Amino acid sequence: MKIAVVCGTRPEIIKMAPVIRELEGKNADFFILHTGQHYSYNLDRVFFEQLKLPEAKYNLEVGSSSHAEQTAKILIGVERVLQGENPGIILVEGDTNSILAAALAAVKLHIKVGHVEAGLRSYDRNMPEEINRILADHCSVYLSAPTEKAKAILLGEGVSEGKIFVTGNTIVDAVYRNLEIARERGNTPDALNLRPREYLVVTLHRQENVDNGGRFASILEGLDQIAADFQLPVIYPVHPHSRKRMSEFKLKPRNLTLIDPVDFLRFLQLESGARLILTDSGGVQEEACILGVPCVTLRDSTERPETIDVGANILAGASPDRIVECSKLMLGKEKHWQNPFGDGTAGRKIVEIIMGGQ
Ligand code: UD1
Ligand code: UDP
């Protein structure tokens, strides 16, 4: 059975890498279909190089545009590739426009869809990711749920039990595989003059935060306040989406160290040495939890409630006072939680399931 693996953005490349590695190990007949939603070197190519992934056979080069235009271009491009290749199954990961369009194109061609990271819900339908993940789940016949909680959500939406597999999240595989390499490589915290546990890391790029000038300014004010109160460096690798909005809204955080997005090994180093991580990213909430670093989520909801249940994360929203208050609270907490996202074998389980079901 031929397998199409879709990757379109930074988190999909990182989280699909363990699946691709297993497919390679099993000499499976597969190819990578890149949508081109992310195209800047430091959001795309750097991960293929660093994680030693095979080249994508196709790159649709859709680039950036409105939701409808981007989704439509991916739908058309994926349909053409699938008609030419006729795979038995297509694998998609996460919740971006790329994966919604790919899943939709495939299901209409009666090609089986496997959704890696199924069953996550923020219950906020204003977020594009929530719509994408719900629809992708309901197009799929293999749903890889990271946790029992995600499985219960899918069952509650009427997905039949035979389609759902609790595999853990492939981010655990990716972190376990790369953390030692990252630590051995040294140099990022040093280059920034950082000492372990004496700095904070921020990421912030989600549409609901950075496309709203008032909300973006309010979060940055909270972060500036933390840097001043704690007298610690706050390192923010700025996603190009946020960089663009920061410049449009003329926002100039005073106390943050703004850097360009970094590669995965450097980011793992930064995260694992941080005293606290503040983020609106899905993947970064998971990584903080896996690495034992407390996390403050700069959002009103999360589709990763397991991180809150184990005491690793808290929802702070966008108010400066609440961001400062939540940061103080998380710093004072016991940090010995269990990682709820599996044992680092999700990639292997997913490949065994889809290859066993052919
Ligand atoms: C997308 C996903 C988001 C995910 C994020 C991962 C959707 C709706 N959003 O958000 O869920 O968390 O990827 O990082 O699918 N840009 C570049 N270079 C690039 C790509 C984008 O400069 O390679 C800039 C462009 O100005 C573009 C903006 O970022 O307009 C937004 O890009 P887009 O792909 O629409 O969404 P992301 O914010 O990257
Ligand atoms: N990441 C990275 N470099 C950075 C920032 C993030 O490699 O400068 C990685 C991070 O380790 C995580 C992934 O990007 O695995 C998360 O992607 P992102 O935050 O863009 O998307 P989300 O998870 O919110 O969809």
Side-chain angles (χ1 to χ4, degrees), residues 7-18 34-47 50-51 59 61-71 73-74 92-102 117 120 122 126-133 136 169-175 177-179 182 188 201-211 235-248 258-272 274 277 279-291 293 297-299 302-304 341:
C7 292
T9 63
R10 170 168 74 184
E12 295 162 60
I13 302 166
I14 292 169
K15 288 180 168 175
M16 205 55 115
H34 195 317
T35 65
Q37 177 172 344
H38 282 179
Y39 45 86
S40 296
Y41 177 79
N42 57 15
L43 289 190
D44 169 23
R45 187 93 219 121
V46 67
F47 299 106
Q50 188 167 68
L51 302 175
N59 190 324
E61 295 183 355
V62 299
S64 307
S65 44
S66 70
H67 282 274
E69 189 176 331
Q70 188 177 59
T71 309
K73 282 181 179 162
I74 301 170
V92 299
E93 194 288 327
D95 53 22
T96 62
N97 287 347
S98 288
I99 75 115
L100 165 62
E117 206 178 52
L120 277 63
S122 68
N126 287 318
M127 297 174 67
E129 294 84 4
E130 182 76 352
I131 305 296
N132 294 344
R133 60 172 82 94
N169 194 312
T170 58
I171 196 62
V172 183
D173 312 26
V175 169
R177 186 183 172 92
N178 292 292
L179 187 59
T188 293
V201 170
V202 167
T203 80
L204 187 65
H205 72 281
R206 288 298 184 94
Q207 176 180 305
E208 70 272 16
N209 281 334
V210 303
D211 284 3
I235 312 300
Y236 176 9
V238 189
H239 189 294
H241 185 172
S242 316
R243 183 76 76 176
K244 190 168 84 176
R245 295 295 185 233
M246 221 182 258
S247 143
E248 272 171 28
L258 306 186
I259 59 172
D260 284 335
V262 294
D263 61 53
F264 188 49
L265 294 181
R266 281 182 207 283
F267 194 67
L268 278 179
Q269 270 182 322
L270 272 177
E271 285 182 302
S272 65
I277 294 174
T279 191
D280 61 0
S281 158
V284 176
Q285 288 176 65
E286 292 159 352
E287 285 165 356
C289 183
I290 295 162
L291 294 166
V293 179
T297 292
L298 303 164
R299 285 173 39 185
T302 181
E303 58 293 320
R304 273 92 174 169
F341 295 116

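What you see is a predicted model; the values in this text were computed from it and never measured. Atoms within a ligand are numbered from 1 in the order they appear, just like the ligands themselves.
Ranking the protein heavy atoms by distance from atom 19 (O) of ligand 2 puts Ser281 OG, 2.7 Å first. Of the protein's non-hydrogen atoms, the one nearest atom 26 (O) of ligand 1 is Lys244 NZ, 3.2 Å. Here the heavy atom of the protein found nearest to atom 4 (C) of ligand 2 is Arg10 NH1, 3.3 Å. In this structure, atom 12 (C) of ligand 2 lies nearest to the protein heavy atom Glu287 OE2, 3.2 Å. The single protein non-hydrogen atom nearest to atom 39 (O) of ligand 1 is His38 NE2, 2.7 Å, given as residue, atom name and distance. Of the protein's non-hydrogen atoms, Arg206 NH2, 3.4 Å is the one closest to atom 25 (O) of ligand 2. Closest to atom 21 (O) of ligand 2 among all protein heavy atoms lies Pro11 CG, 3.4 Å. Ranking the protein heavy atoms by distance from atom 22 (O) of ligand 1 puts Pro240 CB, 3.2 Å first. Atom 13 (C) of ligand 2 has Ile14 CD1, 3.9 Å as its closest protein atom, hydrogens excluded (heavy atom only). Here the heavy atom of the protein found nearest to atom 18 (N) of ligand 1 is Ser40 OG, 2.7 Å. Taking atom 23 (O) of ligand 2 as the reference point, the nearest protein heavy-atom neighbour is Gly283 N, 2.8 Å.
Annotation for ligand 2: atoms under 4.0 Å from non-hydrogen atoms of Gly282 are 22 (P), 23 (O), 24 (O). For ligand 1, the atoms lying closer than 4.0 Å to a non-hydrogen atom of Glu129 are 3 (C), 9 (N), 11 (O). Those atoms of ligand 1 that come under 4.0 Å of a heavy atom in Asn97, given as number and element, are 7 (C), 8 (C), 15 (O). Near Pro261, with a cut-off below 4.0 Å to any heavy atom, the atoms of ligand 2 are 8 (O). Shown in contact with Leu43 at under 4.0 Å from a heavy atom are these atoms of ligand 1, numbered in order with element: 19 (C), 20 (C), 23 (O). For ligand 2, the atoms lying closer than 4.0 Å to a non-hydrogen atom of Phe47 are 7 (O).
Both the backbone and the side chain of Thr96 come within contact range of ligand 1, each with a heavy atom under 4.0 Å. Residue contacts with ligand 2 for Val262 involve both N, CA, C or O and side-chain atoms from C-beta outward (heavy atoms, distance under 4.0 Å). Contacts between His241 and ligand 1, counted as non-hydrogen atom pairs separated by less than 4.0 Å, involve both the backbone and the side chain. Here Arg266 has no heavy atoms under 4.0 Å from ligand 2, in either its backbone or its side chain. When non-hydrogen atoms are compared, ligand 2 lies under 4.0 Å from neither the backbone nor the side chain of Glu129. Contacts between Lys15 and ligand 2, counted as non-hydrogen atom pairs separated by less than 4.0 Å, are absent for every part of the residue. Only side-chain heavy atoms of Phe267 come within less than 4.0 Å of ligand 2; its backbone N, CA, C and O stay farther off. Here Pro237 has side-chain heavy atoms under 4.0 Å from ligand 2, and that is the only part of it that gets that close. Neither the backbone nor the side chain of Gln207 has any atom closer than 4.0 Å to an atom of ligand 1 (non-hydrogen atoms only). Contacts of Pro11 with ligand 1, taken as heavy-atom pairs under 4.0 Å, involve the side chain alone. At a heavy-atom cutoff of 4.0 Å, ligand 1 is contacted by the side chain of Ser64 but not by its backbone.
In terms of polar-atom proximity, His239 is counted as a contact of ligand 1, with an N or O under 3.5 Å from an N or O of the ligand. Looking at Arg10 next to ligand 1, no N or O pair under 3.5 Å apart turns up. For a threshold of 3.5 Å applied to N or O pairs, the pair formed by Tyr39 and ligand 1 contains at least one separation below that value. Ligand 1 has an N or O atom lying under 3.5 Å from an N or O atom of Gln37, backbone or side chain. The N/O atoms of Asp280, backbone and side chain alike, include none that comes under 3.5 Å of an N/O atom in ligand 2. For Ser65, no nitrogen or oxygen atom sits less than 3.5 Å from a nitrogen or oxygen atom of ligand 1, counting backbone and side chain alike. On a distance-only criterion, Thr203 and ligand 2 share no N/O pair closer than 3.5 Å. Remark: ligand 2 and Asp95 share no N or O pair separated by less than 3.5 Å (distance only, no angle test). The shortest N/O to N/O separation between His239 and ligand 2 does not fall below 3.5 Å.
Looking at every heavy atom in both residues, Pro237 comes nearest to Ile235 through CD-O, 3.6 Å. Taking each heavy atom of Met16 and Cys7 in turn, the nearest pair found is CB-SG, 4.1 Å. Of all non-hydrogen atoms in Leu43 and Ile13, the two that sit nearest each other are O-CD1, 4.2 Å. Residues Pro128 and His67 share a closest heavy-atom pair of CB-CE1, 3.5 Å. The two residues Thr35 and Gly8 come nearest to each other via the heavy atoms OG1-CA, 3.2 Å. Residues Val172 and Phe341 come closest through the heavy atom pair CG2-O, 3.3 Å.
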Start with the C-alpha distance between Ser122 and Glu129, add both sets of side-chain angles, then the distance that settles side chain to side chain donor-acceptor pair (under 3.5 Å), and finish with yes or no. CA-CA 9 Å; Ser122 68; Glu129 294 84 4; over 6 Å; no
Given the rule in the side-chain contact (heavy atoms from CB on, under 4.5 Å) test, do Val293 and Glu271 qualify, once you have shown the distances and angles that lead to the verdict? CA-CA 8 Å; Val293 179; Glu271 285 182 302; 5.8 Å; no
Would Met127 and Asp95 satisfy side-chain contact (heavy atoms from CB on, under 4.5 Å), going step by step from the backbone distance to the final call? CA-CA 10 Å; Met127 297 174 67; Asp95 53 22; over 6 Å; no
Would Thr9 and Gln37 satisfy side chain to side chain donor-acceptor pair (under 3.5 Å), going step by step from the backbone distance to the final call? CA-CA 6 Å; Thr9 63; Gln37 177 172 344; 5.8 Å; no
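Side chain to side chain, Thr96 and Glu12 meet the donor-acceptor criterion of an N or O pair below 3.5 Å.
Of the possible donor and acceptor atoms, one in the side chain of Gln269 sits under 3.5 Å from a partner among the backbone N and O of Ala182. Listed for the Asn97 side chain is no donor-acceptor partner under 3.5 Å among the backbone atoms of Gln70. With Thr297 contributing its side chain and Arg299 its backbone, the two residues share no donor-acceptor pair below 3.5 Å. Checked by atom type and distance alone, the side chain of Asp173 never pairs as donor or acceptor with a backbone atom of Pro18 at under 3.5 Å.
For the pair Lys73 and Glu61, the salt-bridge criterion is not met [side-chain N within less than 4.0 Å of a carboxylate O].
At least one heavy atom of His67 sits closer than 4.0 Å to an atom of ligand 1.
The line from CZ of Phe267 to CZ of Arg10 is 7.0 Å long, rounded to the nearest 0.5 Å.
The side-chain heavy atoms of Arg245 and Asp211, taken from C-beta on, include a pair separated by under 4.5 Å.
Classification of the His239-His205 ring pair by plane angle, with boundaries at 30° and 60°, yields parallel.
With atom 35 (O) of ligand 1 as the reference point, the heavy atom nearest to it among Gln70, His205, Met127 is part of Gln70.
Annotation for Arg177: atom CZ does not count as buried by contact number, only 12 or fewer foreign heavy atoms lying within 6.0 Å.
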